[in-house]
Amino acid sequence: MNSASSRIRSQVGIIGAGPAGLMLSHLLHLQGIDSVVVEARSRQYCEERVRAGLLEQGTVDLLVESGIGERLKREGLVHFGIKLRFEGRTHRIDFKELAGGRGVTIYPQQKVLQDLFNARLNAGGRIFFDAATVTLEGIAPSRGEKPAIHFRSDGAAYELACDFIAGCDGFHGVSRPSIRAGALSVFQTNYPFGWLGILAETPPSSDELIYAHHDRGFALLTMRSPQLSRLYLQCEPDDDVKNWPDARIWEELQSRLASKGWVLTEGPIIQKGITPMSSFVVEPMQFGNLFLAGDAAHIVPPTGAKGLNLAVADVQVLAPALVEFYASGKRGLLDQYSEKCLRRVWKVQRFSWWMTAMLHLFKADNAFDRRRQLAELNYVTSSRAAAQTLAENYVGLPLD
Ligand code: APR
Ligand code: PHB
């Protein structure tokens, strides 16, 4: 231990205050397990960062059952279908009919984080913000060392001693790179495009999401509230928002989303950002006493709207495993953590890849691929079995 560090202790040390880290801390607290969260950014930054906004039924159920669903129930927009638009025609996928009455809820990730921060801090939860020089020690499986997280916050140095570390620090965090080289297998594929996302102060022009396949590239209409639209355009992978003045964005959205008799209403654009696209998984999601959850272990392209839901599904497996350990000293569920999560992760990877491959423009000159994509869309919108496959994955597969 560094003699200048203040030594603190918790049962579980959590790195990262995103959906995975905060939800884990909340679920553990409800079961009487103490955790400390170490976050590199400020609370304001975490709460304001514009990210995803679509919750599967299972995620909604967990938020409600764990006592933080009040605002979600009031403000969440429940949807029982999506629209696929191609060749100027619109086809609806009906979740009520095809997914056993389950639906999805539009509720911005920032609000999920605000609700979680409030719950944790009101319950006396310990969260260190603006943490710098975060390092992990004592995670190696066989050496019998005790894990610890070292960091600086507010001018002071800390050593957080704990029994387990949850690496919930996203794709660019320190947890995954702290694992010995060679201990993890990496599976990755990149896509030759990104998404330009905007927030516009205008009521959504459709009451349901529209996924559009178009010769100029993919477009998506979604929303954040009855007054706020969120729209995405396929763009170059290394594109810059400077290349996208408002007029160009609206022109492109108008062409790609066009449908006879339907009007896309424009409004002031209040936020713009570009998201790169990749599919990424590491196996296993555990190394000794370090458990990876959420984006630290896997990334999906946003076409299936799964990133946040997958992060929450991981901690729904991790929390009961830790509860079992503290109740009985048994590591049975902890040892199964990675395998259990990866079964779901790969199914969700498959779905996100499939939606992405069906809807985006890969090569402007590959006429065969475009015909194949249209055949796939025609099949999905004409076969009940194919539509059901989309619907049940979209609303969320059950935890197994
Ligand atoms: N030390 C401490 N915290 C860190 C570090 C670090 N070295 N590096 C990153 N973090 C923090 C980030 O600032 C962020 O707040 O970890 C958090 C990780 O949160 P997310 O990236 O949201 O990841 P996760 O909780 O796994 O949620 C994944 O949410 O943000 C979306 O697109 C994402 O949908 C996906 C889902
Ligand atoms: C969003 O609302 O931000 C959103 C919705 C559906 C997606 C991706 C993003 O597939």
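These values consider heavy atoms only, across backbone and side chains, with no hydrogens, waters or symmetry-generated copies. When a ligand or atom number is given, it counts from 1 through the structure's own listing order.
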Minimum non-hydrogen distance to atom 16 (O) of ligand 1, winning option of Leu136, Asp169, Val38: Asp169
Measuring from atom OH of Tyr191 to atom CE of Met277, what distance do you get when rounded to the nearest 0.5 angstrom? 7.0 Å
Specify whether Phe362 and Phe193 have parallel, tilted or perpendicular ring planes, treating 30° as the upper limit for parallel and 60° as the lower limit for perpendicular. perpendicular
Show which atoms of ligand 1 fall inside a sub-4.0 Å distance from at least one heavy-atom site of Gly294. 26 (O)
Under the salt bridge (charged side-chain N to carboxylate O under 4.0 Å, His left out) rule, what pairs show up with a residue in residues 290-300, not counting sequence neighbours? none
Side-chain donor-acceptor pair under 3.5 Å between Asp34 and Ser10, yes or no? no
May I ask you to say whether Asp215 pairs ionically with Arg256, meaning some side-chain N is under 4.0 Å from a carboxylate O? no
Return the option from Arg49, Gln109, Lys306, His298 holding the heavy atom at the smallest distance from atom 29 (O) of ligand 1. Gln109
Considering only heavy atoms, does Val134 approach ligand 1 within less than 4.0 Å through its side chain, its backbone, both, or neither? side chain
Considering Glu39, Arg41, Met23 one by one, which has a heavy atom nearer to atom 15 (O) of ligand 1 than any of the others? Glu39
Atom 19 (O) of ligand 1: of Ala131, Pro302, Gly18, the nearest heavy atom sits on Gly18
Without hydrogens or angle criteria, can the side chains of Glu266 and Gln254 be said to hold a donor-acceptor pair below 3.5 Å? yes
Between Thr303 and ligand 2, which part of the residue brings a heavy atom under 4.0 Å of the ligand: side chain, backbone, both or neither? backbone
Please state which part of Tyr107 comes within less than 4.0 Å of ligand 2, counting heavy atoms only: side chain, backbone, both or neither. neither
